[in-house]
Amino acid sequence: MTKHLKKAELHVHIEGAAPPALAYRQAEKYGIDPATFIRDGAYIWHDFTSFITAYDHVASVFRSSEDYAALAEVYLLELAAEDTIYAELFVSPDHGEAVGLSPDEYIGGLATGMEAAKAKTGIESRMIIIGERHLGPENVLNRAKWAAHYSHPLITGFNMAGEERMNRVADYSAAFDIVREAGLGITIHAGELCGAFSVADALDLVKPSRIGHGVRAIEDADLVRRLADLGTVLEVCPGSNIALKVFPDFKSHPLRQFRDAGVRVCLNSDDPPFFHTSLAREYEIASQEFGFTDDEINAMTRTALEAAFVDEETRAILLAKL
Ligand SMILES: Nc1ncnc2[nH]cnc12
Ligand SMILES: [Zn+2]
């Protein structure tokens with residue numbers, strides 16, 4: 001049982017964490033037919049492309065600062081109730097802009113929810129700005145320029161998510177140069193839909209301290225050694241990988257191989273209700289499906305806190321809670 005273990009989440013997309021019941025109520029509030037993306041209390045999708053479409057539908061029913069405050073608070077309270085002490089939320093101002101919310105309104109709403117959850121439970125959280133790869137290099141570059149100049153104490157990092165099969169990492173490297181120069185922490189989705197070359201591109205051109213997923217690096221033994229030598233942290237999301245058919249089952253999933261090869265790994269939930277999971281369930285999967293002991297799982301949580309995009313004082317407080 002991993003219920004009692006302290007937990008940390010470094011890889012969760014905020015709109016992807018919306019409980020279907022909340023998204024349903026939001027749709028009704030704005031006169032949108034929820035049947036286009038929710039059936040029998042679950043989100044409707046069948047592959048990565050339809051997942052992204054469903055994700056965009058869910059995002060489109062959050063239309064005000066208050067909606068985003070409620071979403072962040074509901075999700076963080078859920079995490080805190082499962083002994084989570086720290087969470088980084090991937091936030092995408094492009095989704096706010098798609099429904100007419102300015103970045104100020106979008107970020108301000110999320111920050112209100114994060115502060116409310118901290119006041120109620122003590123859970124610490126930060127925001128990581130997402131550039132959506134499928135919106136194209138120019139869009140991601142503009143988002144990076146915006147992130148580099150938008151100073152907010154809860155925004156501490158930059159990430160690129162979205163359709164990995166579109167373009168190459170090289171097309172986006174200028175965006176990462178800008179946010180690196182601005183002092184933001186850097187992580188990037190790679191090695192999820194594309195193979196080892198995508199992780200190698202990320203290491204060569206983006207030099208991230210963490211990689212979202214990264215799991216298909218397992219296809220290249222030299223690359224696995226390189227990840228171990230560099231100390232790059234993989235934000236592993238086993239439930240997501242199985243749901244999206246990156247691997248057919250947990251037996252084929254390389255989490256243990258990475259850990260045994262000395263690659264730094266931590267456990268994450270990605271878009272929990274889409275993949276019928278939660279952070280607590282990912283911890284349980286690590287125990288039940290991968291056979292990790294409590295000590296081994298605690299070591300992954302420690303890795304997450306060591307790799308978190310927080311100031312050193314906050315990191316020391318979080319590590320002391322473990
Ligand atoms: N698993 C995932 N991969 C890439 N982009 C995403 N956006 C939300 N979830 C994602
Ligand atoms: Zn992700």
Side-chain angles (χ1 to χ4, degrees), residues 8-20 23 37 43-60 62 71 75 87-96 98 110 126-137 139-140 143 157-169 172 175 185-195 198-199 201-202 206 208 210-217 233-247 253 255 265-279 281-282 304 307 309:
E9 170 78 276
L10 294 190
H11 189 126
V12 63
H13 301 256
I14 190 61
E15 290 89 0
F37 60 98
Y43 293 131
I44 305 169
W45 63 274
H46 60 276
D47 58 9
F48 187 80
T49 303
S50 58
F51 156 69
I52 289 293
T53 302
Y55 187 106
D56 290 346
H57 269 298
V58 172
S60 76
F62 294 88
L71 172 57
Y75 174 63
E88 280 176 17
L89 308 180
F90 294 160
V91 307
S92 145
D94 288 289
H95 279 99
L110 287 163
R126 297 289 185 272
M127 284 180 266
I128 309 300
I129 301 296
I130 289 280
E132 294 284 1
R133 184 169 179 150
H134 49 266
L135 297 182
N139 182 286
V140 175
R143 186 52 64 204
F158 188 84
N159 186 348
M160 181 166 71
E163 178 50 84
E164 189 183 355
R165 294 165 291 193
M166 186 176 285
N167 302 321
R168 291 289 294 258
V169 173
Y172 301 90
I186 294 179
T187 176
I188 176 172
H189 282 63
E192 180 194 23
L193 305 175
C194 292
S198 182
V199 177
D201 279 357
V206 171
R210 308 182 341 213
I211 290 182
H213 301 287
V215 282
R216 288 189 56 191
V233 170
L234 300 190
E235 305 156 4
V236 182
C237 312
S240 161
N241 294 157
I242 303 311
L244 284 168
K245 300 190 170 63
V246 176
F247 302 100
H253 192 286
L255 173 59
V265 292
C266 60
L267 298 168
N268 303 276
S269 70
D270 210 5
D271 304 278
F274 281 87
F275 306 140
H276 304 286
T277 191
S278 64
L279 184 62
R281 182 161 149 68
E282 295 301 318
F309 297 148

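In listed order, ligands and their atoms are each counted from 1. Please read all numbers here as calculations on a predicted model, not as lab measurements.
Within ligand 1, counting atoms from 1 as listed, the ones closer than 4.0 Å to a heavy atom of Phe51 are 8 (C), 9 (N), 10 (C). Of all atoms in ligand 1, numbered sequentially from 1 with element shown, those under 4.0 Å from a heavy atom of Asp270 are 1 (N), 2 (C), 9 (N). For ligand 1, the atoms sitting less than 4.0 Å from at least one non-hydrogen atom of His213 are 1 (N), numbered in the order shown with element in parentheses. Residue Ala161 has at least one heavy-atom neighbour below 4.0 Å for each of these atoms of ligand 1: 5 (N). Proximity to Phe48 (heavy-atom distance under 4.0 Å) selects the following atoms of ligand 1: 2 (C), 3 (N), 4 (C), 5 (N).
Scanning both residues, Ala18 and Pro273, for their nearest heavy atoms gives O-CG, 3.3 Å. Taking each heavy atom of Ala202 and Ile211 in turn, the nearest pair found is CB-CD1, 4.5 Å. Nearest heavy atoms, Gly212 versus Thr187: N-OG1, 3.7 Å. Closest approach of Phe274 and Trp45 over heavy atoms only: O-NE1, 3.1 Å.
Where the criterion is an N or O separation shorter than 3.5 Å, residue side chain and backbone included, Gly162 meets it with respect to ligand 1. For ligand 1, the polar-atom distance check against Asp271 finds a nitrogen or oxygen pair separated by under 3.5 Å.
A salt bridge does not link Glu164 with Arg216: none of the charged nitrogens is closer than 4.0 Å to a carboxylate oxygen.
Neither the backbone nor the side chain of Phe90 has a heavy atom within less than 4.0 Å of ligand 1. The proximity of Glu163 to ligand 1, defined as any non-hydrogen pair under 4.0 Å, does not occur for either the backbone or the side chain. For Glu164, no heavy-atom contact with ligand 1 is shorter than 4.0 Å.
Remark: Arg210 is positioned above the aromatic ring of Phe309, its terminal NZ or CZ atom under 6.0 angstrom from the ring centre and at most 45 degrees off the axis.
Not a single heavy atom of Glu132 sits under 4.0 Å from any atom of ligand 1.
If you check the side chains of Asp47 and Ser50, you find a donor sitting under 3.5 Å from an acceptor.
Among all non-hydrogen protein atoms, the one lying nearest atom 6 (C) of ligand 1 is His13 CE1, 3.7 Å. From the protein, the heavy atom lying nearest to atom 3 (N) of ligand 1 is Glu192 OE1, 2.7 Å.
To the nearest 0.5 Å, atoms CG (Leu110) and CZ (Phe62) are separated by 10.5 Å.
In this structure, the side chain of Glu282 engages the main chain of Gly239 through a donor-acceptor pair within 3.5 Å. Judged purely by atom type and a 3.5 angstrom limit, His11 has no side-chain atom pairing as donor or acceptor with the backbone of Asp270.
Taking the six-membered ring for Trp and the full ring otherwise, His13 and His95 have centroids separated by 6.0 Å or more.
If you count the protein N, O or S atoms nearer to the Zn ion (ligand 2) than 2.8 Å, you get 4.
The aromatic rings of Phe275 and Phe51 sit tilted relative to each other, their planes meeting at an angle between 30° and 60°.
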